[in-house]
Protein chains: 2
Amino acid sequence: MPNSEAIYIEKLRNSGLRPTKQRIRICEVLFNREKTFHFSINELMKIIQTKNNQKISLATVYNTIHTLKKKGHLKEINVGNDMSYFDTNTHSHHHFYDNQTKELVDINSDEVQIKKNPVPPNGKKIMDIEVTFKISKE
Amino acid sequence: MPNSEAIYIEKLRNSGLRPTKQRIRICEVLFNREKTFHFSINELMKIIQTKNNQKISLATVYNTIHTLKKKGHLKEINVGNDMSYFDTNTHSHHHFYDNQTKELVDINSDEVQIKKNPVPPNGKKIMDIEVTFKISKE
DNA sequence: AGCTACTTTATAATCATTCTAAACTACTTG
DNA sequence: CAAGTAGTTTAGAATGATTATAAAGTAGCT
Ligand SMILES: [Mn+2]
Ligand SMILES: [Mn+2]
Ligand SMILES: [Zn+2]
Ligand SMILES: [Zn+2]
């Protein structure tokens, strides 16, 4: 039993989620990584099917991802309007986005600074700032 | 015949599009405004159905919006992953976005300035920068 | 007026996502 | 540990935005 499994069981328990084998598997795919992981549900499904003998149903993957998001372990990224992207980096941060390859790359928060914030509409306050640097080849 | 109609006929002609009555109507709804207009296809359909006696089919609205986008008269906005938003402001600019009300508000480009740009990944260059200020009540 | 390419339209198809409801399982309690 | 219960998984159906199809209509040209 690899060390990581116990960690994810704890992580799930701490969020009030039962550590089922499906959830643990998904956590391993998501969080057992060096770098931030940006993914669509479809990409995640493929990875799971490859790395895994027992299949996890599509509905469970959706359920689990949404639950992890609700519990604050994932962020949803708005980039491209065709499908949802998720991000294992839950801190407020910014991205490079290549519209051709549909690749997202994290930018360290301190690499981007806004000189002055605009004044929000009346009765509203700024909760988060997301900067997307759209990049392309050459 | 209001003045605006002639303008849109020209606009369409200049883009190599035949000025059909459907396209002219859509242009009037989109561009005959003081402020920037942010909309989903669904919202646009409703406005057209209200302001109009003769109906325009859903397919034509999709076709026309995509064509106008291709010709550079509209921008597509990535915010929320459930449906596409479009923007009559085609300049590079930034937005307030209220996730509750799903309202987009333009921010004048010169009201936001990035101190230093991050270095893009190897072989890539920055084409555009989009800043979204997520706002909420109070 | 007639031709032809472009356009509109109703309708079907697609595809991501959500819903349903039945089978299954983790944890609690006795 | 045996049951009970709430939480979970799952296959499949449903939904909703978007795109494709293909037939009928129209704009611009001759
Ligand atoms: Mn989006
Ligand atoms: Mn969709
Ligand atoms: Zn990220
Ligand atoms: Zn705008």
Side-chain angles (χ1 to χ4, degrees), chain A residues 5-6 8-29 38-49 52-71 73-74 76-86 102, chain B residues 5-6 8-29 38-49 52-71 73-74 76-86 102:
Chain A
E5 185 165 322
Y8 300 125
I9 292 176
E10 260 322 281
K11 187 167 192 158
L12 291 167
R13 283 236 166 76
N14 289 337
S15 298
L17 302 172
R18 289 186 182 172
T20 63
K21 70 172 182 294
Q22 292 88 342
R23 283 173 177 163
I24 294 165
R25 276 283 149 63
I26 291 172
C27 282
E28 280 169 358
V29 172
H38 301 102
F39 61 94
S40 65
I41 296 289
N42 187 46
E43 288 162 358
L44 179 57
M45 273 307 276
K46 280 187 202 152
I47 295 170
I48 290 170
Q49 282 165 355
N52 232 51
N53 1 26
Q54 49 265 280
K55 96 160 81 168
I56 302 178
S57 78
L58 182 60
T60 296
V61 172
Y62 270 101
N63 289 340
T64 301
I65 294 306
H66 284 140
T67 304
L68 289 174
K69 183 197 166 189
K70 189 173 300 170
K71 297 296 183 180
H73 301 296
L74 288 174
E76 193 162 6
I77 302 287
N78 294 315
V79 71
N81 332 56
D82 40 353
M83 60 183 151
S84 279
Y85 282 87
F86 296 88
K102 309 218 173 235
Chain B
E5 184 166 323
Y8 300 125
I9 291 176
E10 260 321 283
K11 187 168 190 158
L12 290 166
R13 282 237 166 78
N14 288 338
S15 298
L17 303 172
R18 289 184 182 173
T20 63
K21 71 172 179 295
Q22 292 88 341
R23 282 173 177 165
I24 294 165
R25 276 284 149 62
I26 291 174
C27 281
E28 280 169 359
V29 171
H38 303 100
F39 62 94
S40 65
I41 296 288
N42 188 46
E43 289 162 357
L44 180 56
M45 273 308 274
K46 280 187 202 153
I47 294 170
I48 290 169
Q49 283 165 352
N52 232 53
N53 1 26
Q54 49 263 282
K55 97 161 79 168
I56 301 178
S57 79
L58 182 61
T60 297
V61 172
Y62 270 102
N63 288 340
T64 301
I65 294 305
H66 283 139
T67 305
L68 288 174
K69 183 196 166 190
K70 189 173 302 172
K71 297 297 182 177
H73 301 297
L74 289 174
E76 195 162 5
I77 302 288
N78 294 316
V79 70
N81 335 51
D82 39 354
M83 59 184 151
S84 279
Y85 282 87
F86 296 88
K102 308 215 173 237

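Quick note: numbers below take in every heavy atom, side chains included, and nothing from hydrogens, waters or symmetry partners. Chain letters run A, B, ... following the sequence lines, proteins first and then strands; every chain starts at 1.
Atom C1' of nucleotide C/dT9 and atom CZ of B/R25 are separated by 17 Å, given to the nearest angstrom. Residue A/N42 contributes atom CG, which lies 9 Å from atom P of C/dT17 at whole-angstrom precision. Counting to the nearest Å, the C1' atom of C/dT25 and the CD1 atom of A/I9 are 15 Å from each other. Residue A/I65 contributes atom CD1, which lies 11 Å from atom P of C/dT17 at whole-angstrom precision. Distance A/N81 CG to C/dA16 C1': 13 Å, rounded to the nearest Å. For A/I26 and D/dT10, the CD1 to C1' distance is 13 Å, given to the nearest whole Å. Between B/L44 atom CG and D/dA17 atom P there is a gap of 14 Å when expressed in whole angstrom units. Atom-to-atom, CE of A/M45 to P of C/dC15 comes out at 16 Å; the value is rounded to the nearest Å.
Using a 4.0 Å cut-off, no side-chain N or O of A/Y62 falls inside it from OP1 or OP2 of C/dT18. Using a 4.0 Å cut-off, no side-chain N or O of A/H66 falls inside it from OP1 or OP2 of C/dT17.
Summary of the strand contacts: B/R13 and B/L58 both lie near DNA chain D, and taking for each the nucleotide with the nearest heavy atom, the more 5' one is attributed to B/L58. Remark on DNA chain D: of its neighbouring residues A/A59 and B/A59, the 5'-side contact belongs to A/A59, judged by nearest-heavy-atom nucleotide.
Closest to the side chain of A/M83, from the set C/dT9, C/dT17, C/dT18, is C/dT17.
Taking CD of B/Q22 as the reference point, atom CZ of B/R25 lies at 9.0 Å (rounded to 0.5 Å).
When only modelled atom types and interatomic distance are considered, B/N78 and A/N78 share no side-chain donor-acceptor pair under 3.5 Å. A/T67 and A/T64 are not linked by any side-chain donor-acceptor pair at a separation below 3.5 angstrom, with hydrogens and angles left out of the test.
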Yes or no on side-chain contact (heavy atoms from CB on, under 4.5 Å) for A/V29 and A/N52, after CA distance, side-chain angles and deciding distance?
CA-CA 10 Å; A/V29 172; A/N52 232 51; 6.0 Å; no
What's the verdict on side-chain contact (heavy atoms from CB on, under 4.5 Å) for A/L68 and A/L12, showing C-alpha distance, side-chain angles and the deciding distance?
CA-CA 9 Å; A/L68 289 174; A/L12 291 167; 4.2 Å; yes
Pairs under 3.5 angstrom, nitrogen or oxygen only, protein versus nucleotides 5-8 of chain C, please.
unit_1 : atom_1 : unit_2 : atom_2 : d
C/dC6  : O4'    : B/R18  : NH1    : 3.4
C/dC6  : O4'    : B/R18  : NH2    : 3.4
C/dT7  : OP1    : B/R18  : N      : 3.3
C/dT7  : OP1    : B/R23  : NH1    : 2.5
C/dT7  : OP1    : B/R23  : NH2    : 3.2
C/dT7  : O5'    : B/R23  : NH2    : 3.4
C/dT8  : OP1    : B/T20  : OG1    : 2.3
C/dT8  : O3'    : B/Q22  : NE2    : 2.7

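In this structure, A/S40 reaches neither bases nor backbone, as no heavy-atom distance under 4.0 Å exists between it and the strands shown.
Listed by chain and number, the residues in a ring-ring contact (aromatic ring centres under 6.0 Å, His included) with B/F86 are B/F39 (sequence neighbours excluded). For B/K69, the side-chain hydrogen bond (donor to acceptor under 3.5 Å, both in side chains) criterion is met by B/E76, not counting sequence neighbours.
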